[in-house]
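Accompanying notes for the structure given below.
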Amino acid sequence: MRFIPHTETEIAEMLAAIGAGSLDDLIVQIPSDLRAHASIRLEPGRNEAEVVETMATIAARNEHAVRAVSFLGGGCYRHFIPAAVRAITGRAEFATSYTPYQPEASQGTTQAIFEFQTLITQLTGLEVANASMYDGASAAAEAVLMARRILPRRNLVAISRALWPDYRATIRTYLAAQSEIELVELPIDQSGGTAIDEWRRIDRDRLLCIVVGYPNYFGVIEPIREVASVAHQAGGLAIVVTAEALSLGLLKSPGELGADIAVGEAQSFGIAPQFGGPGLGFMGSRMTHVRQMPGRLVGQTHDQKGNRAFCLTLSAREQHIRRERATSNICTNHSLCALAATVYLSLMGKRGLRELAARNVELAHQAADSLEDAGFAQRFTGPYFNEFVIGVPNAAKFIDHAAAKGLLAGVALGVDYPEFKDGLLVSVTELNRSTDFELLRQELEKWMSGAGAEVR
Amino acid sequence: MASAGRVLDRVERDPANETARSGPGQSGERSLVPLIFEESVANRRGVDIREGSTAEKRAFELLGPDLCRDAIDGFPELSEPQVMRHFLRLSKLNFGQALNFYPLGSCTMKYNPVTNDELAALPGFAALHPHTPASIAQGALELMFRLEAALCEITGMDAASLHPAAGAQGELAGLLIVRAWDRLHGDGKRYKVIIPDTAHGTNPASCTLAGFKPVVAKTGKRGFLEAAEIRRLLDDQVAAMMVTNPNTMGIFEGEILEIAHAVHQAGALLYLDGANLNALLGVAKPGAMGADIVHVNLHKTFSTPHGGGGPGAGPIAVRASLEPFLPSPRVVRVDDHFALDTDRPHSLGKLRAFFGNFGMLVRAYAYMLALGGDGLSAIGRLAILNANYIRAKLVAHFPAASTERSMHECVLTHDLEHRAGVSTLDIAKRLLDFGFHPPTVYFPLVVPGALMVEPTETERRETLDQFAEAMNRIYLEALETPEKVKSAPHDMPLARVDEVTAARKPVLRWASDHLEP
């Protein structure tokens, strides 16, 4: 077997050095019943060429989808990834190392994390960011638990209904065992944003935090300043969640608008869609709350000769030290994805990131205008970044119909929002061309004139 | 062996980068590689955006100045070649499994086949969007379906879920299943989970997150749990017991069958922490041990790259009776195609967005294909062989903490602390000079000054010999010239890093002077 170095001779010599007669002698302490049924019954091993062939055959079954013209977004975004990102993350020094417990042998990782933390503070407008979380959904859930540690006497969590369905479900899962916490969901108004007046009816004495998307699931740029002020007036915290991290390159930062904790998904920064994972959760907060943060943190220090150095720090919050009193159970995070984002953002730079975000805004608005001209009005009135919702009769059926023709038209809202059962969430990025808009428009027009309208 | 020395490539000094660093505090320090922010020059760029500046104007008109921010102060401004050089220079400051022996106990730092990275990058996998209709994402669903089946075969369980992003999230998922099961089939009043004193910190932390109270079971003198201790702790308030097997002493839990029986007798479930599953391949299956729930770390046993701390993947596998509680959606086979089933009323719900760390699942599946049933069945014994070989080679100076046989890793002790005032940390730092990543140190907590060595099956005998020689040499050196060990490392780009200052005065980000308050 090509990954295993042992020759028969070596095995014999090593056993002799141990004082054992055979490999089985090494495991005699294991009950024989267990050993007798331990053989793994899978197909025999394959050589590399055979593995590649098998895997390529499986990948080919997704080829139609990856070649299609796509308007899919909804929490995972299609962006161009510069080759430099892969060239760096593919380096074995980064890819095959682990959590940097030994800083002298891990300065590449620790410095890159320090740079990542800095970039996230710059993007979120907050003072401190951790080394990464699994993804946006679990980061949002961890943010709520963090808020609870900051305000332990408060127990009402208000979540915008315009938060991604998976994020809402994940928060629910993480809070399931915190029996004393009550979750309320706040409705959406015609802007596609959270109905601010409803926020004002929240029980002020109990409000722990409000959780709102920015831009939200429908692509709408929520009025964070107002939302944060409602939270603060009640004595609670504002948690702002961003799944399209590119938007932070152009939109006012959550911190500037009053967010206490900003979390989200940074998959847009140099990480391929990969059928939804691994992505990159991020979390930023105020320095006063740093000891309540989950996850790894890298700090700056020096070595004994006075060289600047970086190492994991404030570990007393973490599970390997604090055990059942830790701020989280997170151990392995998404470090290599954080490196990808760090390289990506370094390339994009001050101007590039802003221009790319702007390009996304411009193209999305072009697409929306073109659809509006054809009679497909937007469902919501609020300002939007690179996603918007239009009304299409039987949107879910239209999606399947278009998919067969090589068009991934968007995400149907009906499954998660019965009240918007005709909603189609369309995401536009720099990878879309104006010919894509034409195709979407034509297919929608055909749908309306044919089957789609009738089924309704 | 080669002299203790320069195994790590040194970063050549780049005069252009030898700038005095700025940034908060500690002025006058030198840096090996400047921070990316310190290498920036106004108006330099590393990417060309089509119609970037007109787009900026248009977006401003569309959104209005109230919504848009100013350019971000201090954000990087570098050319592409500069960015490449920066990160390549950083990479040279790292040890990695592909370059160095990396016997980090409990982490299973085995070789990560590079072909798997190429396969995960195939457009059919990497570019596939999670909202793609299932009808045209059949390859992805099929791969997940097959991987789940393989994991069931390997663990001896009935159903698996690939959702958890890492082992700790697998633990959370498993414990939420325990909770859901107790509510459906019991009285919902069981609130305790038994956890051995040797457990990883994630076990008790996951318990808290899942609303349980951990109860600590003491490991017996011989290095494994005694069923009597577990029986003493069991009552009708115990919902589950979590066991890592082999445990973090590297010892097989010899009384696991009795323990499983007792746990089930008391109406509780047995959770098997699969962190050390590598030792069990072809040796014993968790299902046969009586486990009801198992999590598997694909980044350990199934060779997906550790990435400097992730991403990993932590699938869980369960008995058939617990299948209804698995995360939603589930991949199912309907006639000749695959689908995502979201109609799961008893499911614990979602742990994350979408369906799992798919990119890692692709790599793990490719690894399983390469090894096959025969190869996988051979791994446990060879990993155990390597650990016991190291243990035998080090027995004179670094005796094992337990007299029991070691499985895939050995926990070693030493007497240098009182003989020479040399600590386990000193030994670890000195090992770096020999080009070896140190073992896990000071864990498990029940062994003072522990060195936990996990060589894995992909390391060859010469490497193990060299490592043992280095360890034995350090032992003698500690007695003869203790200062040399206590002041290590000597041959690394950095001298010993002051971790105390980092915690005492946290500097967690770079800030240009005008931004710093």
Side-chain angles (χ1 to χ4, degrees), chain A residues 5 23 34 40 42 44-45 55 58-59 61-62 65-66 72 88 91-93 95-99 103 105 107-109 118 134 137 166 169 173 177 252 272 274-278 299-301 303-305 308-309 313 319-320 323-324 326 329 332 334-336 347 350 352 355 358-359 361-362, chain B residues 29 31 46-47 49 52 55-56 58-59 69 75-76 87 90-91 93-98 119 122 124 126-132 136 139 165-166 168 201 204-206 211 284 305-312 349-350 353-354 357-359 372-373 375 381 460 494-495 497 502 507 509-510:
Chain A
L23 286 173
L34 294 178
I40 295 165
L42 293 173
M55 295 297 286
I58 299 173
R61 287 178 202 139
N62 304 322
V66 299
L72 296 181
I88 298 298
R91 290 283 291 202
E93 296 89 336
T96 73
S97 61
Y98 205 12
T99 306
Q107 285 300 299
T109 296
T118 304
Y134 305 135
D166 279 2
T173 304
K252 284 216 160 82
Q274 299 176 89
F275 207 44
Q300 179 180 316
T301 182
D303 75 355
Q304 285 176 346
K305 291 182 188 155
R308 180 170 59 183
T313 194
Q319 48 77 27
H320 61 287
R323 299 177 78 85
E324 69 268 21
N329 68 339
T332 288
H334 281 197
S335 196
L336 199 67
L347 286 166
K350 194 181 207 167
E355 288 172 2
R359 183 83 179 136
V361 170
E362 186 186 24
Chain B
E29 278 176 7
S31 59
V47 69
I49 308 294
E56 208 177 323
R58 276 283 295 146
R69 72 192 297 169
F75 217 67
F87 288 102
L90 281 185
S91 77
L93 302 176
N94 262 13
F95 275 19
Q97 189 283 332
L119 293 170
L122 288 173
L128 190 66
H129 194 284
H131 283 301
T132 303
I136 55 170
S206 298
H306 283 68
K350 296 209 61 114
F354 308 117
N357 279 352
F358 182 76
R381 283 173 177 76
R460 62 190 192 273
L494 283 182
V497 170
V507 177
R509 62 165 174 162
W510 172 84

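Residue numbers start from 1 in every chain, and the chains themselves are labelled A, B, ... in the order their sequence lines are given, proteins ahead of strands.
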Looking at chain B, which one of [options] has the largest number of heavy-atom pairs inside 4.5 Å, strictly under?
options                                  : answer
Leu34(A), Leu42(A), Ile40(A)             : Ile40(A)
Gly108(A), Gly276(A), Ser97(A)           : Ser97(A)
Lys305(A), Arg61(A), Lys350(A)           : Lys350(A)
Thr99(A), Leu23(A), Val361(A), Thr173(A) : Thr173(A)
Ala95(A), Ala169(A), Ala92(A)            : Ala95(A)

Is it the backbone or the side chain of [X] that comes under 4.5 Å from a heavy atom of chain B, or both, or neither?
X         : value
Thr313(A) : side chain
Ile88(A)  : side chain
Arg359(A) : both

Select, from [options], the one with the greatest count of heavy-atom pairs under 4.5 Å involving chain A.
options                                   : value
Ala502(B), Ala166(B), Gly312(B), Ala59(B) : Ala502(B)
Gly359(B), Gly309(B), Gly96(B)            : Gly309(B)
Ser91(B), Ser206(B), Gly46(B)             : Ser91(B)
Gly375(B), Gly308(B), Ala126(B), Ala55(B) : Gly308(B)
Ala284(B), Pro305(B), Ala168(B)           : Ala168(B)
Gly211(B), Gly349(B), Ala127(B)           : Ala127(B)

Identify the heavy atoms of [X] and [Y] that sit nearest to each other, and give their distance.
X         : Y         : result
Leu494(B) : Arg308(A) : CD2-O, 3.9 Å
Val497(B) : Ala309(A) : CG2-CB, 3.9 Å
Phe275(A) : Phe354(B) : O-CB, 4.4 Å
Leu128(B) : Ala65(A)  : CD1-CB, 3.7 Å
Lys350(B) : Asp166(A) : CD-OD1, 3.3 Å
Gln319(A) : Ala205(B) : CB-CB, 3.7 Å

Within a strict 4.5 Å, meaning less than it, do heavy atoms of the Pro311(B) and Leu336(A) side chains meet?
yes

Strictly distance-based, threshold 3.5 Å: is any side-chain N or O of Asn94(B) a donor or acceptor partner for the main-chain N or O of Glu93(A)?
yes

Quick one: does any side-chain atom of Thr332(A) pair with a main-chain N or O of Gly310(B) as donor and acceptor, under 3.5 Å?
no

With a 4.5 angstrom heavy-atom cut-off, is it the side chain or the backbone of Arg58(B) that approaches chain A, or both, or neither?
side chain

Pair Val47(B)-Glu355(A), side chain to side chain contact (heavy atoms under 4.5 Å, CB included): steps then yes or no
CA-CA 10 Å; Val47(B) 69; Glu355(A) 288 172 2; over 6 Å; no

